[in-house]
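Numbering of residues begins at 1 and proceeds along the displayed sequence. Here the structure is a predicted model, which is why all the values come from computation and not from measurement.
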Amino acid sequence: MKRIISLLALVFLFNSCTPEDGPNYTYELRPVLSVDIPTEFTLGATYTITMQYNKPTSCHYYNTISYHKYLNERTIAVETMKEERSNCTETPNDVSSCSFDFVVTSNGSYIFKFWQGKDEQGNDIFLEYEIPVLN
């Protein structure tokens, strides 16, 4: 009986997955190059906001939009997955776009801060828009 259990355990051990079995990914924020955003909002309306960003290699894939809100301020970035493999090719002119729907739920103005990278001192740089809300 012990031999059978040991043999089964050995079979499962050799057939189990290891971290090296599949592709490995890292996640990167990509700078927003430009934004298509209205110049004004109407309370209660929904707007599609589109961002353009660069995928620098053939190993970069869109993952999600990083979206943080605080009162009427929105901080937004594009997150990509980078597959860790040796045959990636550079694609410096590969501009892609992604979008999200924004529902206007309060009066006043919204401030949108789209992440554009870091400056020489390591500080975040943002493309900022202040969009007024009309009733």
Side-chain angles (χ1 to χ4, degrees):
M1 183 66 165
K2 286 185 181 182
R3 284 184 183 213
I4 294 173
I5 293 174
S6 296
L7 184 58
L8 285 174
L10 195 56
V11 168
F12 285 119
L13 178 67
F14 285 119
N15 287 326
S16 65
C17 295
T18 62
E20 294 84 27
D21 285 348
N24 291 320
Y25 294 94
T26 56
Y27 297 91
E28 295 181 0
L29 293 181
R30 298 300 309 151
V32 173
L33 303 174
S34 62
V35 179
D36 296 326
I37 190 169
T39 57
E40 59 188 30
F41 291 146
T42 300
L43 186 62
T46 301
Y47 297 89
T48 300
I49 298 173
T50 303
M51 301 172 289
Q52 290 73 40
Y53 66 98
N54 174 263
K55 291 192 283 186
T57 72
S58 60
C59 293
H60 281 81
Y61 307 99
Y62 172 79
N63 186 47
T64 192
I65 294 173
S66 174
Y67 185 93
H68 300 280
K69 64 182 184 177
Y70 176 74
L71 301 174
N72 276 17
E73 183 177 284
R74 305 296 185 265
T75 304
I76 302 158
V78 176
E79 181 182 288
T80 60
M81 296 185 320
K82 180 183 179 194
E83 186 176 358
E84 300 297 329
R85 56 185 167 95
S86 60
N87 62 344
C88 300
T89 57
E90 291 188 16
T91 56
N93 298 320
D94 185 3
V95 176
S96 296
S97 63
C98 60
S99 61
F100 64 95
D101 288 334
F102 179 73
V103 179
V104 182
T105 59
S106 65
N107 291 320
S109 294
Y110 283 92
I111 297 173
F112 288 85
K113 297 169 67 174
F114 297 93
W115 189 76
Q116 290 197 298
K118 294 188 178 277
D119 64 14
E120 298 81 26
Q121 290 78 34
N123 300 314
D124 292 318
I125 303 169
F126 296 97
L127 178 61
E128 294 188 29
Y129 294 93
E130 184 171 352
I131 310 297
V133 176
L134 307 177
N135 292 330

Discussion item. So does P31 get a backbone contact from the side chain of N54, meaning a donor-acceptor N/O pair under 3.5 Å?
Written reply: no
I'd like a table of donor-acceptor pairs (distance under 3.5 Å, sequence neighbours excluded) in which one partner is a side-chain atom from residues 97-106, with atom names and distances.
residue	atom	partner	partner atom	Å
D101	OD1	T48	OG1	2.7
T105	OG1	Y110	OH	3.4
S106	OG	N72	OD1	3.0
S106	OG	N72	ND2	3.3
S106	OG	Y110	OH	3.1

Worksheet item: Would you call R30 and P56 a side-chain contact if the rule is heavy atoms closer than 4.5 Å?
Response: yes
Practice prompt. Applying ring pair (Phe, Tyr, Trp, His ring centres under 6.0 Å), name anything that partners Y62, two or more places apart in sequence or on another chain.
Written response: none
Fill in: Distance in Å, M81 CE paired with T64 OG1, rounded so as to fall on 0.5 Å steps
10.5 Å
Item to complete: Could I get the full list of salt bridge (Lys or Arg N to Asp or Glu O under 4.0 Å) partners for E83, not counting sequence neighbours?
Response: R85
Practice prompt. Show your reasoning for whether side chain to side chain contact (heavy atoms under 4.5 Å, CB included) applies to D94 and H60.
Written response: CA-CA 10 Å; D94 185 3; H60 281 81; over 6 Å; no
Please list, one pair per line, the donor and acceptor atoms closer than 3.5 Å that link side chains of residues 121-135 to other protein atoms, with sequence neighbours excluded.
residue	atom	partner	partner atom	Å
D124	OD1	W115	NE1	2.9
D124	OD1	K118	NZ	2.9

Worksheet item: Mind checking whether Y67 and V32 sit in one hydrophobic cluster, side chains of I, L, V, M, F, W, Y counted as touching below 4.5 Å?
Response: yes
Worksheet entry | Nearest-0.5 Å distance that lies between atom CD1 in I65 and atom CD in E79 | 10.5 Å
Discussion item. Counting C-beta onward and ignoring hydrogens, is there a side-chain heavy-atom pair between F114 and I37 closer than 4.5 Å?
Written reply: yes
Discussion item. Rounded to the nearest 0.5 Å, what separates atom OG1 in T80 from atom NZ in K55?
Written reply: 9.0 Å
Worksheet item: So how far is it from T75 OG1 to H68 NE2, rounded to the nearest 0.5 Å?
Response: 7.5 Å
Worksheet entry | Residue pairs, two or more places apart or on separate chains, that pass disulfide bond (SG atoms under 2.5 Å apart) and touch residues 104-135 | none
Item to complete: Enter the distance from E90:CD to T57:OG1 here, rounded to the nearest 0.5 Å.
Response: 8.5 Å
Worksheet item: Under the 3.5 angstrom rule, does the side chain of Y53 hit a backbone N or O of A77 as a donor-acceptor pair?
Response: no
Response to the item:
All heavy atoms of P38 vs all of F41, minimum pair found to be CG-CE2, 3.8 Å
Discussion item. I'd like to know whether T89 forms a side-chain hydrogen bond (donor to acceptor under 3.5 Å, both in side chains) with S58, so could you lay out the CA-CA distance, the side-chain angles of the two residues, the decisive distance to 0.1 Å, and finally the verdict.
Written reply: CA-CA 5 Å; T89 57; S58 60; 3.2 Å; yes
Discussion item. If we ignore hydrogens and angles and just use 3.5 Å, is the side chain of E84 paired with the main-chain N or O of Y25 as donor and acceptor?
Written reply: no
Worksheet item: If you look only at pairs with a residue in residues 106-135, which of them pass as a disulfide bond (SG atoms under 2.5 Å apart), with sequence neighbours excluded?
Response: none
Fill in: Heavy-atom side-chain proximity of L33 to V95 below 4.5 angstrom
yes
Practice prompt. Run the numbers on F112 and I49 for side chain to side chain contact (heavy atoms under 4.5 Å, CB included), then give the verdict.
Written response: CA-CA 11 Å; F112 288 85; I49 298 173; 3.9 Å; yes
Worksheet item: Taking the side chain as C-beta and beyond, is there a heavy-atom pair between D36 and Q52 under 4.5 Å?
Response: yes
